[in-house]
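I have placed the structure first, in the form of structure tokens, so that the comments after it can refer back to it.
The model shown is predicted, which means the values in this text are computed figures rather than measured ones. Just so it is clear, the values below take in all heavy atoms, side chains as well, and ignore hydrogens, waters and symmetry mates.
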Amino acid sequence: MKFKYLYDSGASSPSRGLTSGSQPLRSRAAGRFGRLLLLALVVCALWLTIEDRWGSDFVLPTRYTGDAHYILAMMKLAKEGDLGLFTHITTASLGAPFRGQLNDFIEAERVIVWLGGQVARVTGLMPASNIMLILACVGAAFSFYFAARLWRVSRLTAWVFAIVYAFLPHNQRSLDSLGIVTTGLLPLQFYCLWYIATVQRLSWKSFRFRLTLVIGMLSGLLNVYWVFFFAQMCVLAVLCGLLKRRQGVIMALIPLAATCFMAILVLGSFVIYRFQYGVNPTAMVRTYSDVEGGALKPIELLIPIWGTRLKGVSLFFSRYYDGGKWDVGEYWWGVYIGLCAIAGLLALLFRGVYRQLNRHSPSLPFLAVCWTIAYASFGGVNAIFSLITNFYDIRGTNRYSFAIATIGFLYFVFVIHRLTKRWSLKVRFGVLIALGSLFMWDQSYQSYFFPRYNIPTSLTRERVMADKALALNLENRLDAGAMIYILPVLDFPEPFSGRGAFKLNFFIYDPIRPFLYSTKLRYSYGSNKGRQGADWQLNVQELPAGELAARLESYGFAGILLNRKDYPDRGEQLLAEFAKAGWPMEFEQGIRNEWAFIRLRPSERPVFPTQTPYAMSVENQDS
């Protein structure tokens, strides 16, 4: 399928062909604003309905487990000014008695969590997390709408499918993966890439080139996965232009350079930190198994989980889901792309094969899908590259399923536009609404039926209120700046192996939950593992209870906060040992009294747990 250029590269007005010149300028502007406002309102209403966050429930996060706690903590650090855009990330609130440092583990979505922190200054932390998710959906809808209009898709078709696009299954990863779901630029990225690959001559005077440059700069602010993906697609588009002997195609490297520049600007502080303090190889531990475990299984692009509930065909889908499938990829979310994207993807692949049989060059969307599948799949290009180079930082390549979904979705909308453009408005409106409703049901199904997503709002409220009450109780009992040692000690982040690994039911970021609601306390948890400023805790927790408490008092700690969930006996023996040594439990709190607090008598002249040059330099750098 071919799509003519919306306007020539040297056209003076980017809106030519989008609106009728007979309408007054003010009326046209009002019409555009009204359509966009209505689009945003509909997306917001659907998000609130799917996530069950109407009214007072909006103050509750959509997820309150696992990585969601990490994202919330990073947003809180940004809110308090400890996580900036370009500087080292240090905080006095975590990593006590030192200043917690979070520079060995690269913050892959730095700009996104920083923006969330600025919103939190106005709305509070939990509402800000929801606002960021809504903005991700609204941004995706706007990006799709503008890209479709630039491709001259009708307003009605672009508007309806922009809503559907905003709720592709990928977006249901929610707060757990805030940076991963912030992919709203993809439709405009693909438009700009198509422009690079097909335009006869690139020109600085072209609106589309300037748009491509802006999109390139914004792309550098996304999660590292999407920065890397856009770079790959830019190279692919340039190669397409070179093979077709387009003039000035090398200019297309300028937007790519802008992407890299913005990414380096935002992430450069992590590199500088390594030069200052040396490499910390244990902060981020990756192996080849991570690459295979996070790879894409192409078959899962096409298999919906709701298939097991359909009479007549449930047996077919059960062969996969209940037949012992191999859990490759992030199976909590899966990579199903939705019926709309599947239909478009199949049509695109059929068209691509047809062009090859007729000896026509393949289109950029066809090549992009083929490359993404070849690169991201289990045993694919990324796996081979990682194994050869021993580089595993780009591991969850199944996340690129959303790029495949976007291409398929766009192509389907092109087909629908072509088929329905001569229909009457009434018939076209009815067909589009019917299709949109079907696709929305398909895409939001697992939000209501999959256990990981369908967590009752009442349960989330109970957990949030319990943690908030705990933090308030601690702050009422302790002086400002008091330090709390958290047991058991877990590595931060990703406590998956070694001495600081989580063991039973103490989830990977549970120790950071009290910090989310604290305003004046300091916690031992939260500094990057692998440095002396954090790892001293692992040695201290192995001491006998009485010696442990005395040692912590010499360091200046005012209390121990113990989580019962990670002990086989709920910590009863350890608490008894503390009491016998003279440090009895002062109170217990939380759901099923999961937290137990032991008061300490901090030394008036505390000493540091370690006097290593690194730890002292981190402590003194902001003194």
Side-chain angles (χ1 to χ4, degrees), residues 106 108-112 136 139-140 143-144 147 165 168-171 173 177-197 212-240 252-253 255-264 266-267 290-291 294-296 298 301 329-330 333 335 337 341 345 348 364-378 380-386 391-411:
I106 295 178
E109 47 261 341
R110 183 173 192 157
V111 175
I112 298 167
S143 177
F144 183 89
Y165 179 78
L168 281 179
H170 166 90
N171 287 333
R173 296 171 67 102
S177 306
L178 179 62
I180 298 298
V181 302
T182 306
T183 54
L185 280 180
L186 273 174
L188 283 172
Q189 284 177 335
F190 282 125
Y191 176 82
C192 293
L193 294 168
W194 168 82
Y195 160 71
I196 290 173
T212 302
L213 182 59
V214 171
I215 294 299
M217 294 177 67
L218 292 176
S219 298
L221 305 179
L222 298 176
N223 179 280
V224 171
Y225 275 89
W226 296 112
V227 173
F228 186 59
F229 178 79
F230 183 69
Q232 291 181 69
M233 293 297 104
C234 274
V235 172
L236 185 62
V238 169
L239 290 177
C240 286
L253 295 176
L256 174 59
T259 301
C260 297
F261 173 77
M262 296 303 293
I264 292 172
V266 172
L267 301 177
D290 294 306
V291 173
L296 173 69
L301 297 170
E330 295 171 285
W333 294 275
V335 296
I337 61 177
L345 182 63
L348 174 63
L364 177 65
F366 178 80
L367 290 175
V369 170
C370 291
W371 167 254
T372 303
I373 292 177
Y375 172 80
S377 293
F378 178 77
V381 174
N382 183 63
I384 297 172
F385 173 81
S386 299
F391 178 82
Y392 311 111
D393 285 358
I394 301 296
R395 52 167 186 151
T397 51
N398 69 312
R399 297 166 178 176
Y400 292 147
S401 62
F402 190 61
I404 298 172
T406 299
I407 297 173
F409 199 98
L410 283 166
Y411 201 80

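Here the CD1 atom belonging to I373 is positioned 7.0 Å from the CG atom belonging to L296, to the nearest 0.5 angstrom. Taken to the nearest 0.5 Å, the CG atom of L256 stands 11.5 Å off from the CG atom of L213. The distance from the CG atom of L367 to the CE atom of M233 is 9.5 Å, given to the nearest 0.5 Å. Here the CZ atom belonging to F402 is positioned 9.0 Å from the CZ atom belonging to F409, to the nearest 0.5 angstrom. Note: W194 CH2 to F190 CZ = 14.5 Å, rounded to the nearest 0.5 Å.
Looking at S143, its side chain does come within 3.5 Å of a backbone N or O of L188 through a donor-acceptor pair.
Sorted by first and then second residue, the pairs that involve residues 368-378 and meet side chain to side chain donor-acceptor pair (under 3.5 Å), not counting sequence neighbours, are Q232-W371, Y375-N382.
Annotation for P187 and L410: closest pair CA-CD1, 4.4 Å, computed over non-hydrogen atoms. The two residues V291 and A383 come nearest to each other via the heavy atoms CG1-CA, 3.9 Å. Residues A376 and T397 come closest through the heavy atom pair O-OG1, 2.8 Å. Among all heavy-atom pairs drawn from N398 and A295, the shortest one is CB-O, 3.4 Å. Taking each heavy atom of F366 and L348 in turn, the nearest pair found is CD1-O, 3.9 Å. Contact record, M262 with M217: CG-O, 3.4 Å, taken as the closest heavy-atom pair.
A heavy-atom distance below 4.5 Å is found between the side chains of Y165 and T406. Taking the side chain as every heavy atom from C-beta outward, T259 and P255 never approach each other to under 4.5 Å. Taking 4.5 Å as the limit, some side-chain heavy atom of L364 sits within range of a side-chain heavy atom of L236. You'll find the side chain of C234 reaches within 4.5 Å of the side chain of L193, heavy atoms only.
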Which atom pairs, one a donor and one an acceptor, fall under 3.5 Å between side chains of residues 219-229 and the rest of the protein, sequence neighbours left out?
{"residue": "S219", "atom": "OG", "partner": "Q189", "partner atom": "NE2", "Å": "2.6"}
{"residue": "S219", "atom": "OG", "partner": "I215", "partner atom": "O", "Å": "2.7"}
{"residue": "N223", "atom": "OD1", "partner": "Y225", "partner atom": "N", "Å": "2.8"}
{"residue": "N223", "atom": "ND2", "partner": "E109", "partner atom": "OE1", "Å": "2.5"}
{"residue": "Y225", "atom": "OH", "partner": "R395", "partner atom": "N", "Å": "3.1"}
{"residue": "Y225", "atom": "OH", "partner": "G396", "partner atom": "N", "Å": "2.9"}
{"residue": "W226", "atom": "NE1", "partner": "I180", "partner atom": "O", "Å": "3.2"}

